[in-house]
Peer 1: 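I have a structure I would like to understand better, so I am pasting it below and will then ask my questions one at a time.
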Amino acid sequence: DRYYSGQPVGALVNSMTVDISLGGAAFTGAYTVVALTMQVIVYVGLAVLVSWQMALAALIAGIVMMLILGRFIEMSRRASRNTALAFEQLTRRLTDALNEIKPLRAMAVQERLAPLLEAYSQDINRSVRRLIIAKHAVNWLREPILVVFLAIGLYAALGVWSIGMELVLVMALLFYRTATTIGMLQ
């Protein structure tokens with residue numbers, strides 16, 4: 001009881017809004033990783049049945065994608081943390097300020113509140129921009145990287161090893177799905 005009464009109202013409001021949705025996102029993220037891991041196991045298993053060389057190539061392509069795109073993933077994580085922190089600070093300040101608006105107006109200092117809230121709003125805006133750039137960069141770059149690996153594999157399968165077209169199509173599909181799913185595990 002003492003803990004809650006000693007907390008600013010903004011902190012309690014933030015706990016009831018942002019923290020709950022973050023907990024839900026963490027739960028969803030954990031199950032997404034489990035589902036993607038199971039998909040990778042199935043795709044790699046199927047790929048090994050068709051061609052162990054193709055399965056190895058798909059694993060390598062997926063790992064290379066993870067390494068190349070890892071910088072953008074880290075940028076996205078950092079931007080997400082910064083956005084959450086800035087939103088938390090804005091929510092706390094705004095809630096506390098609204099509770100004390102009458103005394104602020106009585107002292108004629110309410111105009112000092114706007115620049116403070118605007119600074120938090122700008123922090124959120126910057127963080128969200130970085131988050132959008134990082135997320136879209138991952139989506140935009142994943143496909144071309146995969147196409148390069150797929151083109152090299154198709155050239156090798158058809159031109160160098162003269163593998164039949166039906167097997168090459170199955171291998172290409174399994175390669176694409178395996179490498180894409182590994183890349184999504186980030």
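Quick caveat: nothing in here was measured; it's all calculated off a predicted structure. Only heavy atoms go into these numbers, but all of them, side chains included; no hydrogens, no water, no symmetry mates.
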Peer 1: Are L36 and M66 co-members of a hydrophobic cluster defined by side-chain heavy atoms under 4.5 Å apart?
Peer 2: yes

Peer 1: Give the cluster check for L169 versus V160: same hydrophobic cluster or not, with ILVMFWY residues linked at side-chain heavy-atom distances below 4.5 Å.
Peer 2: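 Same cluster.
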
Peer 1: Using every non-hydrogen atom in the two residues, find where F72 and I68 come nearest and quote the distance to one decimal.
Peer 2: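 Closest approach of F72 to I68: CD1-O, 4.4 Å.
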
Peer 1: Got a sec, which pairs hit salt bridge (Lys or Arg N to Asp or Glu O under 4.0 Å) with one end in residues 51-74, sequence neighbours left out?
Peer 2: E74-R78, E74-R81

Peer 1: Between atom OG1 of T83 and atom CZ of R129, what is the distance when rounded to the nearest 0.5 Å?
Peer 2: 12.0 Å

Peer 1: Nearest 0.5 Å please: distance from the CD atom of E118 over to the CG atom of N125.
Peer 2: 11.0 Å

Peer 1: Between A172 and L154, which heavy-atom pair has the shortest distance, and what is it?
Peer 2: CB-CD2, 4.2 Å

Peer 1: Rounded to the nearest 0.5 Å, how far apart are CZ of F27 and OG1 of T32?
Peer 2: 10.5 Å

Peer 1: Using 0.5 Å steps for rounding, measure from the CG atom of L150 to the OH atom of Y176.
Peer 2: 9.0 Å

Peer 1: With a 4.5 Å cut-off on side-chain heavy-atom distances among I, L, V, M, F, W and Y, is there a chain of contacts connecting Y43 to V34?
Peer 2: no

Peer 1: For the pair M75 and I133, evaluate side chain to side chain contact (heavy atoms under 4.5 Å, CB included) and give the outcome as yes or no after the intermediate values.
Peer 2: CA-CA 9 Å; M75 183 178 161; I133 289 169; 4.1 Å; yes

Peer 1: Give, for atom CD1 of I41 and atom OG1 of T178, the distance between the pair rounded to the nearest 0.5 Å.
Peer 2: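 Between I41 CD1 and T178 OG1, I get 12.0 Å after rounding to 0.5 Å.
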
Peer 1: Is there a side-chain contact between V50 and L167 in this structure, where contact means two heavy atoms from C-beta onward sitting under 4.5 Å apart?
Peer 2: yes

Peer 1: Using the side chain to side chain contact (heavy atoms under 4.5 Å, CB included) criterion, which residues pair with I152? Sequence neighbours excluded.
Peer 2: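 Scan of I152 (side chain to side chain contact (heavy atoms under 4.5 Å, CB included), adjacent residues dropped) gives V148.
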
Peer 1: Going by the rule side chain to side chain contact (heavy atoms under 4.5 Å, CB included), which residues pair with V42 if we only count those two or more places apart in sequence or in a different chain?
Peer 2: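 Only L46 meet the side chain to side chain contact (heavy atoms under 4.5 Å, CB included) criterion with V42.
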
Peer 1: W52: which residues meet the ring-ring contact (aromatic ring centres under 6.0 Å, His included) condition with it, sequence neighbours left out?
Peer 2: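 Checked W52 against ring-ring contact (aromatic ring centres under 6.0 Å, His included); zero matches.
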
Peer 1: Identify, with sequence neighbours excluded, every residue that meets side chain to side chain contact (heavy atoms under 4.5 Å, CB included) alongside L158.
Peer 2: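 Applying side chain to side chain contact (heavy atoms under 4.5 Å, CB included) to L158 gives M165, V168.
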
Peer 1: Decide whether L56 and I163 are clustered together by the hydrophobic rule: side chain heavy atoms of Ile, Leu, Val, Met, Phe, Trp, Tyr closer than 4.5 Å, transitively.
Peer 2: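 Same cluster.
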
Peer 1: Given M65, which partner from the list I145, L141, I60 fulfils the side-chain contact (heavy atoms from CB on, under 4.5 Å) test?
Peer 2: I145

Peer 1: What is the minimum heavy-atom distance between A79 and S127, and which atoms define it?
Peer 2: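 For A79 and S127, the tightest heavy-atom pair comes out as CB-O, 3.6 Å.
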
Peer 1: Once ring-ring contact (aromatic ring centres under 6.0 Å, His included) is applied, do any residues pair with Y155, and if so which ones, sequence neighbours excluded?
Peer 2: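 Expected list: none.
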
Peer 1: Taking the side chain from S80 and the backbone from S76, do they hold a donor-acceptor pair closer than 3.5 Å?
Peer 2: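 Answer holds: yes.
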
